[in-house]
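These notes are about the structure you will find just below.
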Number of protein chains: 2
Amino acid sequence: MAITLKEVAKRAGVSRSAVSRTFTDGASVSEKMRRKVEKAARDLGYSPNALASSLTTGRTKLIGLVSNNFHNPIFLQVFDLFTRGLQDRGLRPLLVNLSDETDPEASVRMLRQYSVDGVVVASSTLSPDFAKAFRDAGVPVVHSFGRSTSAPQVHVVGIDNVECGRMAARTLLARGYKDIAFLGGPESATSTQDRYKGFFQELATAPDINLSHSFAEQYSFDAGRKEMLRLLRDHPAEAYFCGDDVLSIGVLSAIKDSGLRVPEDIGIIGLNDMEMARWQNIDLTTIHQPIRQIVTSSIELMVAMLDEPDRYPEGRVFPCSIVERGTLRPAP
Amino acid sequence: MAITLKEVAKRAGVSRSAVSRTFTDGASVSEKMRRKVEKAARDLGYSPNALASSLTTGRTKLIGLVSNNFHNPIFLQVFDLFTRGLQDRGLRPLLVNLSDETDPEASVRMLRQYSVDGVVVASSTLSPDFAKAFRDAGVPVVHSFGRSTSAPQVHVVGIDNVECGRMAARTLLARGYKDIAFLGGPESATSTQDRYKGFFQELATAPDINLSHSFAEQYSFDAGRKEMLRLLRDHPAEAYFCGDDVLSIGVLSAIKDSGLRVPEDIGIIGLNDMEMARWQNIDLTTIHQPIRQIVTSSIELMVAMLDEPDRYPEGRVFPCSIVERGTLRPAP
DNA sequence: GCATATTTTGCAACCGGTTGCAAAGAAGTG
DNA sequence: CACTTCTTTGCAACCGGTTGCAAAATATGC
């Protein structure tokens with residue numbers, strides 16, 4: 001068993017409170033006492049039990065990191081940034097993988113059992129209600145990559161997906177494409193819905209456009225490939241706006257297999273600007289999503305909320321930009 | 001603040017122990033009592049505080065999941081499998097991102113402060129000493145993707161990297177390559193060392209082989225690309241065994257940029273068989289690493305150790321196999 | 001040197017649970 | 001119905017810390 005505060009106190013010949021105080025900063029301890037205690041602690045190899053102290057302080061420094069995007073490589077970067085950022089602030093990420101089978105209710109309950117100080121929901125496919133469930137349970141929550149409305153129920157950090165849709169539409173129009181399609185992620189995802197909405201709005205005002213749409217089952221290579229193979233059997237469009245880069249790459253793979261060429265026969269524009277999009281064997285034209293800023297901002301918001309739990313919910317939206325690469329034909 | 005056991009006890013008109021017992025299975029409670037307590041708990045929305053109970057039971061069900069591979073997409077799958085597998089067994093992964101700056105000592109201390117029941121080190125680049133530090137601190141530990149020796153100090157689950165090196169060598173020999181090179185990951189990684197060792201051993205016995213080697217700074221696309229661009233300035237080899245798929249893909253990208261073709265001018269064989277390796281625009285010949293089995297087995301071992309902490313350290317090695325795709329020329 | 005102000009220290013209660021033990025209650029036996 | 005045995009329940013101590021409060025120690029002023 002590990003060394004406890006009591007043993008250190010005994011060895012140093014002081015009270016338990018004295019030991020506790022030397023290990024909590026801001027407490028009143030004399031230099032002499034501090035040295036005595038630290039020596040004893042070092043001799044014994046003592047380190048305080050964070051969980052025990054959380055009982056009285058009410059703070060665990062545990063942050064639930066909830067996601068369901070374990071098939072989209074950009075989320076590796078997201079996890080990297082979140083874990084690093086949280087660690088740097090002395091917070092500990094408790095990772096929750098919300099796959100299809102797992103009951104969301106159960107996750108809420110579990111994270112409460114572990115008294116997490118806060119929860120970050122990192123997902124563009126989870127319903128806003130999910131994040132809200134934490135808020136209702138009295139847990140500070142930030143929804144990263146979520147849909148930001150004008151009156152958010154919880155803190156939301158992300159991009160304006162509607163505007164991204166418009167952006168994609170304008171880009172395709174500028175290249176002179178007429179027969180245009182949207183290939184989205186899961187239809188239930190708010191990100192898919194919003195991207196399509198903006199895309200549709202912008203194209204609706206343009207003349208002579210033939211617009212179609214379909215959805216992949218999830219944001220993954222396989223789902224994109226599968227859906228594109230299906231589309232290729234029929235009469236494919238001239239250009240596709242894919243709801244996400246990893247989807248786009250699946251689409252590219254399907255097109256390549258069919259013998260058609262990109263961008264000569266079919267144009268593709270993605271969204272995210274994941275690392276692989278710039279790999280020369282992929283070279284995907286896409287819309288850049290500022291992941292780093294979104295994560296940094298989410299963490300800031302989380303930290304702020306720990307001090308001020310009743311902070312008024314806020315939506316933070318970061319701008320996106322087109323990254324021109326090789327999967328769209330030049331403007332006519 | 002959350003509802004506590006005391007409040008439930010009061011509401012149900014019973015003792016605190018009674019409430020505690022209804023929530024710990026295996027305890028002696030009458031049906032009548034159970035119903036009474038459960039009703040009160042439901043009315044109040046009570047759920048037990050896992051951390052408080054860990055204080056007496058000595059079990060937190062927290063498992064440290066330590067890794068430093070946040071740039072290699074296969075680790076997204078690794079995290080997916082680990083988090084799911086642990087969750088299914090009622091365990092909670094506390095994720096630790098061991099980037100270059102972070103002090104390994106500090107992680108050990110931190111995980112002890114949170115009284116994790118065990119630690120999984122998931123990395124092929126961390127020194128075996130790191131895992132050992134946990135064992136020395138009295139924490140059950142499994143090193144996944146680590147180097148398994150004949151007398152492991154801690155539980156290790158992974159592949160035989162030396163044998164993989166040999167396998168790669170045999171494959172390249174069979175294809176008639178003579179001018180052969182190894183492009184490894186970080187030189188300090190045991191996986192790199194072992195893969196090179198086997199590769200070298202096998203080629204040393206073959207006649208007329210010209211063997212060279214170099215190392216990328218980490219297992220990442222950029223590092224592979226950078227190293228290959230350097231090699232291309234000189235006189236590149238006929239075929240490369242790359243220490244990892246993501247490295248290989250970086251290498252492919254560099255080759256493509258240089259105007260050379262794969263497999264006509266240069267052959268590439270990777271290791272891991274990551275999802276992207278089979279993407280048609282990559283189509284990488286590689287050695288399959290059975291990630292799923294490694295993770296499953298690691299979790300099994302972890303669970304076993306929770307019951308039996310002094311279990312004798314064991315090495316579990318899973319076989320790898322060649323996956324033929326399009327980056328090696330056919331046998332002559 | 002003494003009275004007073006300030007800092008440091010220890011006591012004891014508490015955080016939210018668990019558990020050994022003994023008393024109370026229920027069930028079984030003759 | 002009394003007696004034994006088994007089950008259920010509550011008491012109280014404990015897990016490893018924190019913290020308000022008052023006593024003890026030290027510093028300050030005159």
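Sequence lines set the chain letters: A, B, ... in the order given, protein chains first and strands last, and positions in each chain run from 1.
At least one side-chain heavy atom of B/F318 sits less than 4.5 Å from a side-chain heavy atom of B/V157. Using a 4.5 Å heavy-atom cutoff, the side chains of A/R316 and A/E300 are in contact. Looking only at side-chain heavy atoms (C-beta outward), B/L55 and A/L51 stay at 4.5 Å or farther from each other. Counting heavy atoms from C-beta outward, A/N72 and A/I74 have side chains that approach closer than 4.5 Å.
Between A/L55 atom CG and D/dT18 atom P the separation is 11 Å, expressed in whole Å. Atom CE in A/M33 sits roughly 8 Å away from atom C1' in C/dT8 (whole-Å rounding). For B/N49 and C/dC14, the CG to C1' distance is 15 Å, given to the nearest whole Å. Taking atom CZ of B/R112 as the reference point, atom P of D/dG16 lies 13 Å away to the nearest angstrom. Atom-to-atom, CD of B/E7 to P of C/dC15 comes out at 10 Å; the value is rounded to the nearest Å. For the pair A/R59 CZ and D/dG17 P, the interatomic distance rounds to 20 Å; values are reported in whole Å. Across the protein-nucleic acid pair, B/E31 atom CD and C/dG25 atom P stand 21 Å apart, rounded to whole Å. Atom CG in A/L5 sits roughly 15 Å away from atom C1' in C/dC15 (whole-Å rounding).
Considering only side-chain N and O atoms, B/Y114 lies nowhere under 4.0 angstrom from the phosphate OP1 or OP2 of D/dG16. At C/dG10, none of the side-chain N or O atoms of A/S17 fall inside 4.0 Å of OP1 or OP2 (strictly under the cut-off). Here A/S20 reaches the OP1 or OP2 of D/dT18: one of its side-chain N or O atoms lies under 4.0 Å away. OP1 or OP2 of C/dC15 has not a single side-chain nitrogen or oxygen of A/T56 nearer than 4.0 Å.
Counting atom types as modelled, A/R21 pairs a side-chain N or O with a base atom of D/dG20 as donor and acceptor under 3.5 Å. For D/dG16, its base never sits under 3.5 Å from the side chain of A/R16 at any donor and acceptor pair.
The listed nucleotides are C/dG10, C/dG16, D/dC15; the one nearest the side chain of A/V14 is C/dG10. When the nucleotides C/dT18, D/dG17, C/dG17 are ranked by their closest atom to the side chain of B/T57, C/dT18 comes out on top. Between D/dG10, C/dG17, D/dT18, one nucleotide has an atom nearer to the side chain of B/S15 than all others, and that is D/dG10.
Within the 4.0 angstrom heavy-atom criterion, only backbone atoms of the sugar-phosphate kind lie near A/T4; the bases stay farther away. Contacts of A/S53 with the nucleic acid, taken as non-hydrogen atoms under 4.0 Å apart, involve only primed sugar atoms and P, OP1 or OP2. Here B/S28 lies in heavy-atom contact (under 4.0 Å) with a base. Within the 4.0 angstrom heavy-atom criterion, no nucleotide atom of any strand lies near B/V19. The residue B/S30 sits close only to the backbone: its heavy atoms come under 4.0 Å of sugar-phosphate atoms, none of a base. Residue B/S54 is classed as having no contact, given no heavy-atom separation below 4.0 Å to the nucleic acid.
A salt bridge does not link B/D88 with B/R84: every distance from a Lys NZ or Arg NE/NH1/NH2 to an Asp or Glu carboxylate oxygen is 4.0 Å or more. Using a cutoff of 4.0 Å between basic side-chain nitrogens and carboxylate oxygens, A/D43 and A/R11 are scored as salt-bridged. A salt bridge does not link A/R35 with A/E38: every distance from a Lys NZ or Arg NE/NH1/NH2 to an Asp or Glu carboxylate oxygen is 4.0 Å or more.
Taking for each of B/A52 and B/R34 the nucleotide of DNA chain D with the nearest heavy atom, the 5'-most of the two is the partner of B/R34.
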Atom pairs and distances, donor-acceptor, side-chain atoms in residues 62-70 of chain A, under 3.5 Å, two or more places apart:
unit_1, atom_1, unit_2, atom_2, d
A/S67, OG, A/N69, N, 3.2
A/S67, OG, A/A122, O, 2.8
A/N68, OD1, A/S123, OG, 2.8
A/N68, OD1, A/T125, OG1, 3.3
A/N68, ND2, A/T125, OG1, 2.9
A/N69, ND2, A/S123, OG, 3.3

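Across the helix from C/dG1-D/dC30 to C/dG30-D/dC1, the helix axis at one end is tilted relative to the axis at the other end by 30° (nearest 10 degrees, each axis from five pairs).
The ring pair (Phe, Tyr, Trp, His ring centres under 6.0 Å) check on A/F82 picks up nothing, with sequence neighbours excluded.
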